[in-house]
Amino acid sequence: MYTIGIDLGTSAVKLLLMGEDGGILNIVSREYPLEFPRPGWSQQNPGDWWEAVRRGIPELLAGRDAGQVRGIGAGGQMHGLVALDSGGQVIRPAILWNDGRTWKQVEYLNETVGRDNLSRYTANIAFAGFTAPKLLWMRENEPELFARIDKIMLPKDYINYRLTGVHCTDYSDASGMLLLDVEHRRWSREMLDICGIREEQLPRLYESWETVGTVKPDIASALGLPENVAVCAGAGDNAAAAVGCGVVGDGCCNISLGTSGTVFITSGAFGVDRHNALHSFDHADGGYHLMGCILSAASCNRWWQEGILGVSDFQGEEAAIRPEKLGKNGVYYLPYLMGERSPHNDPAAQGAFVGLRMDTSRADMTQAVLEGVAFAIRDCVEIARGQGVEIRSSRICGGGAKSSLWRLILSSVLGIPLELPQTEQGPSYGAAMLAAVACGAWPDIKSCARQLTRVKQVTQPDAALTEAYELRYRMWRKLYPALKPLYREMDGGEQSIR
């Protein structure tokens, strides 16, 4: 038996073929464009996602017995607004998770509707990336298009819709829309009224491992799949990554260093951070989780090395960082290239290097980027610790986790061991695992994770570095409050055209 895991990312889709024993048989990746029509705006054409999947699956199955495929699961970028008309056609480009155009709507929700009310309705407050503010923005700025909306869905749900014709989502992904009553796992009537939408426009809710339908015959034929391939509801990318890393059940943690950076803390019981600086979401294992998200993580390193330095040899740039400079760098970096979500909830925030001198080297600045992202991840961890959550260790995944230097820096900044899973495919592997449970290969997600996930390497914090980074973190965290008034002033002219 084979299952296919789909990771619908921001820059590319990754397709993974998993065997019944959990072995990875093949991986295919296909990129698609990302549009930035205005500063702070981010959107994509859902048709590009489908085209990448449509072309990628036959490539994934090349040389294999496609008749053994029994299930498909998808994990995907969260929060994106995909709107279809009554004919099933996409109305406008999807507004993505890292889009900051909704600052005005976020302010209305948090200040006029009120944070306490939002937390009571959904367990969360409004952030610029969430789906509900996007609906309000569309209603106010594109009323004719808003009036045509028949179906509202999230990015990975559009892939499931194209595969099965079923309008569906799962609880973990729906948690990030600011439309779901997370505690009771149902759509919030209050939020639907606020956004001016009807429940029938929203997808039917499923647990992540539940089968929502089968691949349509014409699609199966075009993709080279057998008939009756089951498609499960799937999960938001961070929940899928947590499953793929074995972070299921109560009291586990996963840190992702992908395009964005996340701290994902599982719980068997519902709970809310009293300041709502962390998100309170449903997990793909049927439980709950707290999550902190920084909008730019590994993307900061890519921006710095490819966009600014014009190089693609990331390891070569890191090799120039001298071990004795760790914890002693004079340069600080704020990783707010797309604004920031956790814990600041500030779409006006911007990236910055602070502490440049005549003797500052290229390696100093590269090191500052790695350290700045680590400090921002710690910001999220400190919120959880302030709530009494004890994090003794964490799994780690994402492209940035491939760097042994970055793992050492992050481990020392946090003061905890970081466990690198044997399988580093995160969301795509977790999605394939969810599909396997849907097909009956395992009775539940926890037993599947226990059988299939292993740790291949542990990075221990360096005690001397932890002490040095404690002092640097205290200085670093003073920079955002100092710059925040300037961010607002610098962003004032731009807000007037958004």
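Remember, predicted model here, so these are calculated numbers, not experimental data.
For Arg189 and Asp181, the salt-bridge test fails: no basic side-chain N is under 4.0 Å from an acidic carboxylate O. Under 4.0 Å is where a charged nitrogen must lie from a carboxylate oxygen, and between Asp444 and Lys446 no such pair does. A salt bridge links Lys156 to Asp173: one of the charged nitrogens lies within less than 4.0 Å of a carboxylate oxygen. Between Arg385 and Glu382 there is a salt bridge, with a side-chain nitrogen of the basic residue lying less than 4.0 Å from a carboxylate oxygen of the acidic one. Ion pairing between Asp282 and Arg185 holds under the 4.0 Å rule for side-chain N and carboxylate O. Between Arg378 and Glu470 there is a salt bridge, since at least one side-chain N of the basic residue sits less than 4.0 Å from a carboxylate O of the acidic one.
Residues Gln77 and Leu96 come closest through the heavy atom pair OE1-CD2, 3.4 Å. Ile194 and Val113 make their closest contact through CD1-CG1, 3.8 Å (heavy atoms, listed as atom of the first residue, atom of the second, distance). Smallest separation of non-hydrogen atoms from Val82 and Pro46: CG1-CG, 4.2 Å.
Aromatic ring centres of Phe127 and His279 lie closer together than 6.0 Å. Between Trp304 and Phe353, the gap from one ring centroid to the other is short of 6.0 Å.
Asp379 and Tyr480 share no donor-acceptor pair across their side chains, judged by distance under 3.5 Å alone. Side-chain N/O atoms of Ser361 and Asp364 include a donor and acceptor closer than 3.5 Å.
Side-chain atoms of Ser172 come within 3.5 Å of backbone N or O of Gly236 as a donor-acceptor pair. With Ser280 contributing its side chain and Leu290 its backbone, the two residues share no donor-acceptor pair below 3.5 Å. Under the 3.5 Å distance criterion, the side-chain polar atoms of Asp273 are matched with a main-chain donor or acceptor of Leu278.
Other residues, nucleotides and ligands contribute over 12 non-hydrogen atoms within 6.0 Å of the CG atom of Asp313.
No cation-pi contact links Arg477 to Phe375, judged by a cut-off of 6.0 Å to the six-membered ring centre and 45° from its axis. Annotation: cation-pi geometry not satisfied between Arg341 and Phe130 (NZ/CZ under 6.0 angstrom from ring centroid, within 45° of ring axis).
Taking CG of Leu202 as the reference point, atom CG of Leu154 lies at 9.5 Å (rounded to 0.5 Å). Between Leu179 atom CG and Thr122 atom OG1 the span is 8.5 Å, to the nearest 0.5 Å.
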